Amino acid sequence: MSSSADVQMLIEMGFTKDKAEKALSVTGNQGVEPAMEWLLAHGDEVSVSNSAESGDQSSSNAQVGNTSSAPEIESAAEQVAKSLKCNECGKLFATQLEVEFHATKSGHSDFSESTEEKRPLTEEEKAEQLRKLEEKMKQKRREREEQEKQEAIERERNRIRSGKEMAAAKKKLEDEEIKKIVEQRKREKEEDRLAKERVRQQIEQDKLERKKKFEGAAADTKAAPAAVAPAPAIPAAVTPQPAKDYSQTRLQIRLTNGTALTHTFGSKEQLAAVRLFIHLNRKDGNTREFSLMTNFPKKVFTEEDYDKPLDVLGLVPSAVLILTNK
């Protein structure tokens, strides 16, 4: 069965549908070029065959009817239209499809039947038509290849643009994450500084109060009579010292190659800040994702622990963290 695309292409080149289908069938449906070559070599045979079939059918109809005289039949045969003529340019066409193709291509609209028979192409005309058709096919092939090339270039541009946009979005997310961690560390350092300032002020207040008590006791001792022995001084009540509040912790981080990183962090910093420090400073050549753990006591930290401060995780005033690959 002939390809509809091949038939349509042959029609666009000026052949009739019947001729196109016949040529494709004879050449074994091997494509447009073999069919086109066969048409240029045998196109007249197709027209003669079709005309013969039409003549046989007319003769048969005449014999069946048997109602007209011989002179009338001969006169009618002479007046039978053998082609269609364009009255604007004078070209002859064998079929209605050729007329429609010519009208679409040239814009002509004035056609009429003609008793002139479209003469067959000479060898030179066939060769010239074949050359034009081949040139047209080459031109269409070049246009298709150029279009495919442009489409490939556009796809590559879109891929590169998409890759750049994804890289920029990833970089932006990383920058925002680092910015959040830095801001968190600043807040924690400010909180530590304010806490230290409150402790210092409390110590100064306690010193002033003790000094006032001591000066008052000394004044009372001087005012008492000399004969009276001074009463033994009652030691001031010893106030219990509050548990030491560590503001910093020193962490030793053992990497996968046996080397270690040592750094001091604020006790209120999150474990995520330690992970960021490891990412920025590790030089063990390992880029795989890792987990953190301690041996004493044995504990493996999970993602839920990354937002917790170091003092809450028991990593104050010092601790040893070990990297393990996930």
Side-chain angles (χ1 to χ4, degrees), residues 171-221 233-284 286 289-324:
K171 179 73 166 53
K172 183 178 179 181
L173 290 175
E174 292 176 353
D175 292 344
E176 291 177 353
E177 186 66 23
I178 293 174
K179 184 178 179 181
K180 289 180 182 179
I181 294 174
V182 172
E183 291 177 352
Q184 178 68 19
R185 292 188 63 179
K186 287 182 179 179
R187 286 196 298 269
E188 291 173 354
K189 287 182 178 180
E190 182 64 18
E191 292 174 359
D192 291 343
R193 188 188 67 78
L194 294 176
K196 289 179 182 179
E197 183 64 22
R198 287 194 294 270
V199 171
R200 188 187 65 77
Q201 292 176 0
Q202 185 64 39
I203 292 172
E204 293 294 331
Q205 184 68 24
D206 293 343
K207 285 182 179 180
L208 290 174
E209 290 178 358
R210 287 197 295 270
K211 184 177 180 180
K212 288 178 180 179
K213 288 181 181 179
F214 180 77
E215 290 175 351
D220 292 341
T221 302
I234 301 174
V238 179
T239 58
Q241 294 292 331
K244 189 171 182 179
D245 183 15
Y246 294 101
S247 61
Q248 292 183 331
T249 180
R250 186 174 180 81
L251 298 181
Q252 185 184 75
I253 305 162
R254 294 181 183 175
L255 304 179
T256 55
N257 64 348
T259 60
L261 297 173
T262 303
H263 191 71
T264 301
F265 297 87
S267 60
K268 299 297 182 181
E269 289 191 68
Q270 298 176 346
L271 185 59
V274 179
R275 285 180 59 84
L276 177 61
F277 172 80
I278 295 171
H279 277 298
L280 297 177
N281 295 277
R282 67 184 301 186
K283 297 180 180 180
D284 55 355
N286 194 339
E289 280 296 318
F290 60 85
S291 299
L292 295 173
M293 62 174 290
T294 57
N295 273 339
F296 306 102
K298 182 75 172 181
K299 178 176 176 60
V300 178
F301 297 102
T302 63
E303 293 184 1
E304 296 179 355
D305 297 325
Y306 295 158
D307 296 332
K308 296 179 181 179
L310 299 178
D311 55 355
V312 174
L313 296 174
L315 301 177
V316 175
S318 64
V320 177
L321 291 176
I322 301 173
L323 265 72
T324 58

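Side chains included, hydrogens not; waters and symmetry mates left out as well; all remaining heavy atoms used. If you're wondering where the values come from, they're calculated on a predicted model, not measured in any experiment.
Separating the CG atom in Leu276 from the CD1 atom in Ile181 is a distance of 4.5 Å, to the nearest 0.5 Å. Here Thr249 contributes atom OG1 and Phe265 contributes atom CZ; the two are 9.0 Å apart, rounded to the nearest 0.5 Å. To the nearest 0.5 Å, the span separating CG on Leu313 from CG on Leu321 amounts to 9.5 Å. If you take CZ on Phe301 and CE on Met293, they are separated by 9.5 Å, rounding to the nearest 0.5 Å.
Arg275 forms a cation-pi arrangement with Phe290, by the criterion of a distance under 6.0 Å to the ring centre and an angle within 45° of the ring axis.
In terms of heavy-atom proximity, Leu251 sits nearest to Leu315 at CD2-O, 3.8 Å. A pairwise comparison of heavy atoms in Gln270 and Gln184 identifies NE2-NE2, 3.8 Å as the closest pair. Of all the heavy atoms in Asp305 and Val300, the pair that sits closest is OD2-O, 4.4 Å. Shortest non-hydrogen contact noted between Tyr246 and Ser267 is O-OG, 2.9 Å. Pairing each heavy atom of Arg185 with each of Ala273, the nearest pair is CD-CB, 4.2 Å. Among all heavy-atom pairs drawn from Val316 and Asp311, the shortest one is CG2-CA, 3.4 Å.
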Evaluate the salt bridge (Lys or Arg N to Asp or Glu O under 4.0 Å) criterion for residues Arg193 and Glu190: first the C-alpha distance (whole Å), next the side-chain angles of each, then the deciding distance (0.1 Å), finally the verdict. CA-CA 5 Å; Arg193 188 188 67 78; Glu190 182 64 18; 2.6 Å; yes
Check against salt bridge (Lys or Arg N to Asp or Glu O under 4.0 Å), Arg200 and Glu197: CA-CA 5 Å; Arg200 188 187 65 77; Glu197 183 64 22; 2.5 Å; yes
Steps toward side chain to side chain donor-acceptor pair (under 3.5 Å) verdict (Arg198, Gln201): CA-CA 5 Å; Arg198 287 194 294 270; Gln201 292 176 0; over 6 Å; no
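The closest side-chain heavy-atom distance from Arg250 to Thr262 is below 4.5 Å. Residues Ile322 and Asn295 are in side-chain contact: their nearest non-hydrogen atoms beyond the backbone lie under 4.5 Å apart.
Ion pair Lys171/Asp175 flagged as a salt bridge, since at least one NZ, NE, NH1 or NH2 atom sits closer than 4.0 Å to an Asp/Glu carboxylate oxygen.
Under 3.5 Å, the side chains of Thr256 and Asp284 contain a donor-acceptor pair of N or O atoms.
The aromatic rings of His263 and Phe277 sit parallel to each other, their planes meeting at less than 30°, with 60° as the upper class boundary.
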